[in-house]
Amino acid sequence: MKKWIRNGTVVTASDTYQADILIEGEKVIAIGSNLDVKDAEMIDATGYYVFPGGIDPHTHLDMPFGGTVTSDNFYTGTKAAAFGGTTSIIDFCLTNKGEPLHSSISTWHEKARGKAVIDYGFHLMVSDANDQVLEELGAVVRNEGITSLKVFMAYKNVLMADDETLFKTLVRAKELGALVQVHAENGDVLDYLIKQAIAKGQTDPVYHAYTRPPEAEGEATGRAIALTALADAQLYVVHVSCAEAVRRIAEAREKGWNVYGETCPQYLVLDITDLQKPGFEGAKYVWSPPLREKWNQDVLWSALKNGILQTVGSDHCSFNFSGQKELGLGDFTKIPNGGPIIEDRMRLLFSEGVAKDKISLNQFVDMTSTKVAKLFGMFPQKGTIAVGSDADIVLFDPTVKRTISVETHHMNVDYNPFEGMVVNGDIISVLSRGSFVIRDQQFVGQAGAGRFVKRSTFARP
C-alpha cells in the first residue's frame, strides 16, 4: 500500500514549505498540495516538521579497541540511531597491516549482515600505502562502492600512519575520486606528552585532555591540509573540536582548496570540566580529540553557521562505564576512547542549534543529512525529500521536550554523557525506504532490513 504523509511542514536544506508526500514502495513518487490519492495509508503530520532521514557520517559499531569491543553492534547501534532520526550511517572499517583490504571489508560486512535496521555504508581505514594496497584501492572504490578512506594521524603504534602513507593515499584518492578523511592529532607529540604525564603520576581522566592539547590538533589539521593541496586532492577532517583546527580549515577554504570539516554534538555542548568530575566519573567523557575549554563551543557553532564546517557526525563509539571504561582505573591511557552519541545527535543539534538561533532549520537539515549525502556519494538517493529519492523520512515535533537519560535511551551502554539535559523537540516516527522503523516512538523495524549502500565517487558539493 502507498503511504500518504499529510499536513506536515517539509524541510530540506534549501526550502521549508507545506506539502503532502506520497510514497510507493521505497521511493517518494509525489510531493504537493491537493494530491489525488487513492488506496494509500494516511499518516497525519499536522504540527510536525518532515525532515529527510539523518545520515550519520561517523560511527564505530562492533569495533575492537584497547583490548575490548564497542558495546553497540550493528543491531543495537542502528536501532538507537533510528530512535534518534538517523536512517543511514557510514561506519569505519578497520584494516590490519599486511592483510588484503578485502578481508577487512568482508569482516565488516559480516558484522552488519542480518543486524542493521537502517541502511549503512563503510569508510575504509588505510594504515599502509604499499604498492599492493594502492592497487587494491582501485577495486575497493570502483567495485565495492567504498569511496572514502580514513587515515589516522594519532594512536602511535596502534592505528597511526606516517606522512608518507597519508600523502600516497591522497595522491591515489585524487586518481580514484575518493575522499580522504583524517583523524588530525600529532601522534608523535601526544605520545611524548602522555609518557611524561604517566612518569609524573598524572593518571586521572582529565590528563587525557591535558596530554592531547588543541595545538596538536591544529598542527595536524594544517599538515594534512598542506599535503592535500600538494596532491591536489580532497580532504575531510573528522571530529573537529577546537579553534586551532577551525582556523586551519577556514584558511584552506578561503584559498578555494577542497577541504571540509565535521564536528560532533559533544564538542558543541560539553567541555573539559566534565573530565574533571570527582572520582573516576570523568572517564565517561574520555574520547579523542578530548573535550576542550568551553569557549571553543562558540567557535564551532560559528563555523557551522558560516559554512567552515559542513557536517555533524556522532563519532559514536560506546563503551560501558562498568567493566570497560574502568579498565583505565589508575591509568588514563587504558580508558577506551569513545562515547555513546548516535541516538542524541539530531536532538541535540536541533535543541542547542535551531531552537537557540545558532543555526537555521535548513542548515540543520543540511549538516545532518544533505551535505553528508553529497560529500559521500549518496545524493540524491538519500539526503533530501524529492521525487525519486529514497523515502527516508523523519516526523519531528518541535513543541515537546525530552530529558536525555540512560533510563530511556536505546543504546547498549550503561551511561549517557548528556544525562539530565532537557532538549526541545523530539522524533516521533521514522521511515527507512518507505517502511516504518520507528512509529509513534515505538520500534517496529527489523534486524537485517538495512542495506549496504554502494556510494558514488567524490563530487565537489
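Count residues from 1 along the sequence.
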Please tell me whether Phe376 and Phe458 form a close aromatic pair, meaning their ring centres lie under 6.0 Å apart. no
Exam field: side chain Asn296 to backbone Ala243, donor-acceptor pair closer than 3.5 Å: yes
Any side-chain heavy-atom pair of Tyr415 and Lys325 under 4.5 Å: yes
What do the steps show when you test Ile105 against Glu144 for side-chain contact (heavy atoms from CB on, under 4.5 Å), and what is the final call? CA-CA 9 Å; Ile105 295 169; Glu144 300 279 350; 4.1 Å; yes
Tell me whether Asp39 at atom CG has more than 12 heavy atoms from other residues, nucleotides or ligands lying less than 6.0 Å away. no
To the closest 0.5 Å, what do you measure between CD1 (Ile393) and OG (Ser429)? 11.5 Å
For the rings on Phe396 and Phe51, is their centre-to-centre separation under 6.0 Å? yes
If you take all heavy atoms of Pro57 and Phe92, which pair is closest and at what distance? O-CE1, 4.3 Å
Check Asp366 with Lys371, please: is the shortest side-chain N to carboxylate O separation under 4.0 Å? yes
NZ/NE/NH1/NH2 to OD/OE distance under 4.0 Å, Arg6 and Asp44: no
Any side-chain heavy-atom pair of Leu159 and Met125 under 4.5 Å: yes
Hey, does Pro52 have a side-chain heavy atom less than 4.5 Å from the side chain of Val365? yes
Kindly compute the distance separating CG (Leu268) from CD (Gln297), expressed to the nearest 0.5 Å. 7.0 Å
Checking Glu251 against Lys255 for the salt bridge (charged side-chain N to carboxylate O under 4.0 Å, His left out) test, could you report, in this order, the C-alpha distance in whole Å, the side-chain angles of both residues, the deciding distance, and whether it holds? CA-CA 7 Å; Glu251 290 170 352; Lys255 294 174 181 177; 5.9 Å; no
Exercise: identify the closest heavy-atom pair between Leu431 and Thr87: O-CG2, 3.6 Å
Going by heavy atoms in the side chains, are Leu349 and Ile359 under 4.5 Å from each other? yes
Using the ring centroid of each side chain, check whether Phe350 and Phe364 are separated by less than 6.0 Å. yes
Can you classify the ring geometry of Phe122 versus Tyr120 as parallel (below 30°), tilted (30 to 60°) or perpendicular (above 60°)? tilted
Between His239 and His183, ring centroids under 6.0 Å: yes
Salt bridge (charged side-chain N to carboxylate O under 4.0 Å, His left out) evaluation trace for Arg212 with Glu185: CA-CA 8 Å; Arg212 305 181 87 102; Glu185 292 181 287; 2.9 Å; yes
Nearest heavy-atom approach of Val237 to Ala184 is CG1-CB, 4.2 Å
Determine, step by step, whether Asp119 and Lys382 satisfy the salt bridge (charged side-chain N to carboxylate O under 4.0 Å, His left out) criterion, reporting the C-alpha distance in whole Å, the side-chain angles of both residues, the deciding distance to 0.1 Å, and the verdict. CA-CA 10 Å; Asp119 291 350; Lys382 297 186 181 296; 2.8 Å; yes
How long is the straight-line distance from CZ of Arg433 back to CZ of Arg451, given to the nearest 0.5 Å? 4.0 Å
Do Ser288 and Tyr155 have side-chain heavy atoms sitting under 4.5 Å apart? yes
Short side-chain to backbone donor-acceptor contact, His409 and Val413, under 3.5 Å: yes
Closest heavy-atom pair, His102 versus Ala139, reported as atoms and distance to 0.1 Å, is CE1-CB, 4.1 Å
Are Asp344 and Asn416 linked by a side-chain donor-acceptor pair shorter than 3.5 Å? yes
Just by distance, do the side chain of Ser351 and the backbone of Arg347 share a donor-acceptor pair under 3.5 Å? no
Evaluate side-chain contact (heavy atoms from CB on, under 4.5 Å) for Ile385 paired with Val50, printing each intermediate quantity in order. CA-CA 9 Å; Ile385 297 175; Val50 183; 4.0 Å; yes
Side chain of Thr95, backbone of Leu101: donor and acceptor closer than 3.5 Å? no
Can any side-chain N or O of Glu26 pair as donor or acceptor with the backbone N or O of Asp390 at less than 3.5 Å? no
More than 12 heavy atoms of other groups within 6.0 Å of Gln441 CD: yes
Could you tell me if the side chain of Arg142 sits less than 4.5 Å from the side chain of Leu176, heavy atoms only? yes
Please report the C-alpha distance between Lys111 and Asn73 in whole Å, then the side-chain angles of each, then the deciding distance to 0.1 Å, and finally whether the side-chain contact (heavy atoms from CB on, under 4.5 Å) criterion is met. CA-CA 8 Å; Lys111 290 174 183 287; Asn73 61 23; over 6 Å; no
Please check if the side chain of Asp426 supplies one atom and the backbone of Val400 the other of a donor-acceptor pair under 3.5 Å. no
Mark yes when over 12 heavy atoms from residues, nucleotides or ligands other than Glu419 sit less than 6.0 Å from its CD; otherwise mark no. yes
Checking Ser389 side chain against Pro380 main chain: does a donor-acceptor pair fall under 3.5 Å? yes
Can you tell me how the ring of Phe319 sits relative to the ring of Phe65, calling it parallel under 30°, perpendicular over 60° and tilted otherwise? tilted
What I'd like to find out is whether the side chain of Trp4 reaches to under 4.5 Å of the side chain of Ile43, using heavy atoms alone. no
Here the gap from Ile90 atom CD1 to His123 atom NE2, rounded to the nearest 0.5 Å, amounts to 4.5 Å
Determine the minimum heavy-atom distance between Met411 and Ala80, stating which atoms define it. CG-CB, 3.6 Å
Ser71 and Ser318: side-chain donor and acceptor closer than 3.5 Å? yes
Quick one, Tyr236 with Val238, criterion side-chain contact (heavy atoms from CB on, under 4.5 Å). Give me CA distance, side-chain angles, the key distance, then yes/no. CA-CA 6 Å; Tyr236 179 97; Val238 302; 3.8 Å; yes
Residue that, paired with Ile342, satisfies side-chain contact (heavy atoms from CB on, under 4.5 Å) out of Thr86, Ile89, Thr76, Thr78: Ile89
At what distance, to the nearest 0.5 angstrom, does CG of Leu235 lie from OG1 of Thr221? 8.5 Å
Lys454 side chain to Asn143 main-chain N or O, any donor-acceptor pair under 3.5 Å? yes
Can you confirm whether His316 sits close enough to Glu343 that some side-chain heavy atom of one is under 4.5 Å from a side-chain heavy atom of the other? no
Does either side chain, that of Glu217 or that of Ser241, offer a donor lying less than 3.5 Å from an acceptor on the other one? yes
Spacing of CD belonging to Gln234 relative to OG belonging to Ser148, to within rounding of 0.5 Å: 11.5 Å
Classify the side-chain pair Trp108/Asp91 by whether it contains a donor and acceptor separated by less than 3.5 Å. yes
Considering non-hydrogen atoms only, spot the tightest contact between Asp56 and Gly313 and give its length. OD1-CA, 3.7 Å
Keeping Asn362 on the side-chain end and Thr12 on the backbone end, is there a donor-acceptor pair under 3.5 Å? yes
Ring-face cation of Lys374 near Phe379 (centre distance under 6.0 Å, axis angle within 45°): yes
Could you tell me whether the side chain of Thr70 and the main chain of Met63 form a donor-acceptor pair under 3.5 Å? yes
